[in-house]
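Presented below is the structure to which this report refers.
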Amino acid sequence: MHPSKVSHDWPNALRWFLCQELVHFTPWHFFTEPDQFAFAARAFAREDVSRGQVLVFAQRQDCDDFAGLEIQAGKVMNRVICFHPVFASGSSESPRSWNIVSETFDDVFDFVAKCVVTDMKDWAETEDARDLDGGA
């Protein structure tokens, strides 16, 4: 993400990755545009049992798993919330009565260390790195 698109209001941990353009961690990918995952943030607000809000910054490419920074009183916090929405349509309320949150992490570094790197290692055990660059 171009540094001019990185908000100074976001926690430093997220800005640290974005300003260095560290955004591709197959199978996870961080956003390259601030509103890229706005649809997932809307789904979270609609489906989360606590009716919370998040700034979604990452998606796992093989499923509808997302990671977002918790928003409290309009401020983006450090806490990362991983979730899997159902993208219910047709109503403002989700029929879901269970929590869509799968895990939480203290900050983006904690999320990358405990979730992203683990998932990357799992993929690396079954996929050749040549597949990441089109087999070149």
Side-chain angles (χ1 to χ4, degrees):
M1 178 181 292
H2 190 275
S4 67
K5 294 181 182 181
V6 177
S7 173
H8 295 290
D9 294 333
W10 297 340
N12 191 55
L14 177 61
R15 290 184 291 125
W16 187 265
F17 284 90
L18 298 177
C19 287
Q20 296 182 76
E21 298 182 7
L22 299 172
V23 296
H24 299 291
F25 306 96
T26 301
W28 285 94
H29 298 282
F30 286 16
F31 60 14
T32 55
E33 294 291 327
D35 62 351
Q36 182 175 351
F37 299 129
F39 69 95
R42 287 189 299 273
F44 182 84
R46 188 173 54 249
E47 297 179 22
D48 179 48
V49 294
S50 71
R51 299 293 180 234
Q53 293 184 320
V54 291
L55 169 69
V56 180
F57 68 90
Q59 178 181 22
R60 188 175 158 132
Q61 72 184 44
D62 61 333
C63 59
D64 287 332
D65 286 348
F66 295 89
L69 292 168
E70 181 177 37
I71 298 175
Q72 290 183 356
K75 182 177 182 319
V76 180
M77 309 303 286
N78 280 312
R79 185 172 176 236
V80 174
I81 299 173
C82 290
F83 65 100
H84 185 96
V86 295
F87 295 107
S89 62
S91 80
S92 61
E93 297 277 330
S94 170
R96 199 167 187 168
S97 60
W98 61 89
N99 197 342
I100 65 171
V101 174
S102 57
E103 291 183 85
T104 60
F105 300 92
D106 292 338
D107 60 22
V108 175
F109 285 104
D110 193 35
F111 166 67
V112 169
K114 294 178 180 171
C115 181
V116 173
V117 171
T118 300
D119 290 348
M120 287 176 68
K121 182 179 178 185
D122 289 346
W123 273 55
E125 290 175 355
T126 62
E127 185 174 314
D128 192 288
R130 289 179 293 190
D131 296 336
L132 298 176
D133 66 4

Quiz item: When rounded to the nearest 0.5 angstrom, what distance separates CD in Gln20 from CG in Leu18?
Solution: 10.0 Å
Exercise. Return the minimal non-hydrogen interatomic distance between Met77 and Pro11, and the atom names on each side.
Key: O-CG, 3.2 Å
Quiz item: Below 4.5 Å, heavy atoms only, C-beta onward: do Val54 and Leu69 meet side chain to side chain?
Solution: no
Practice problem: Could you grab the distance from atom CG of Asp107 to atom CZ of Arg79, nearest 0.5 Å is fine? | Solution: 12.5 Å
Quiz item: side-chain hydrogen bond (donor to acceptor under 3.5 Å, both in side chains) between His84 and Asp64: does it pass, once the steps are laid out?
Solution: CA-CA 6 Å; His84 185 96; Asp64 287 332; 5.2 Å; no
Practice problem: For residues Trp123 and Asp62, determine if any side-chain heavy atom of one lies less than 4.5 Å from a side-chain heavy atom of the other. | Solution: yes
Quiz prompt | From CZ (Arg15) to CG (Asp9), nearest 0.5 Å | solution = 8.5 Å
Quiz prompt | Name of the residue among Trp28, Phe17, Phe25 meeting ring-ring contact (aromatic ring centres under 6.0 Å, His included) with Phe111 | solution = Trp28
Quiz item: Side chains of Asp65 and Cys82: does their closest heavy-atom pair fall under 4.5 Å?
Solution: no
Quiz item: If every non-hydrogen atom of Lys114 is compared with every non-hydrogen atom of Thr118, which pair is closest and at what distance?
Solution: O-OG1, 3.2 Å
Quiz prompt | Pairwise distance NZ(Lys5) to OG(Ser7) - rounded to 0.5 angstrom | solution = 14.0 Å
Quiz item: Roughly how far, to the nearest 0.5 Å, is CD of Glu70 from OG of Ser50?
Solution: 8.0 Å
Quiz item: Distance from Ile81 atom CD1 to Leu55 atom CG, nearest 0.5 Å?
Solution: 11.0 Å
Quiz prompt | Beyond-backbone contact of Asp48 with Val101, side-chain heavy atoms, under 4.5 angstrom | solution = yes
Quiz item: Just wondering, do Leu14 and Phe31 contact through their side chains at under 4.5 Å, heavy atoms?
Solution: yes
Quiz item: Are any non-hydrogen side-chain atoms of Asp106 and Asn78 less than 4.5 angstrom apart?
Solution: no
Quiz item: Do you know which two heavy atoms are closest between Glu103 and Phe105, and how far apart they sit?
Solution: OE1-CZ, 3.4 Å
Quiz prompt | Ring centre gap for Phe44 and Phe66 strictly below 6.0 Å | solution = no
Practice problem: Considering non-hydrogen atoms only, spot the tightest contact between Glu47 and Pro85 and give its length. | Solution: OE1-CA, 3.2 Å
Quiz item: Side chains of Phe57 and Trp10: closer than 4.5 Å at any heavy-atom pair?
Solution: no
Exercise. Identify the two heavy atoms, one from Ala13 and one from Val108, that lie closest to each other, and give their separation to 0.1 Å.
Key: CB-CB, 3.9 Å
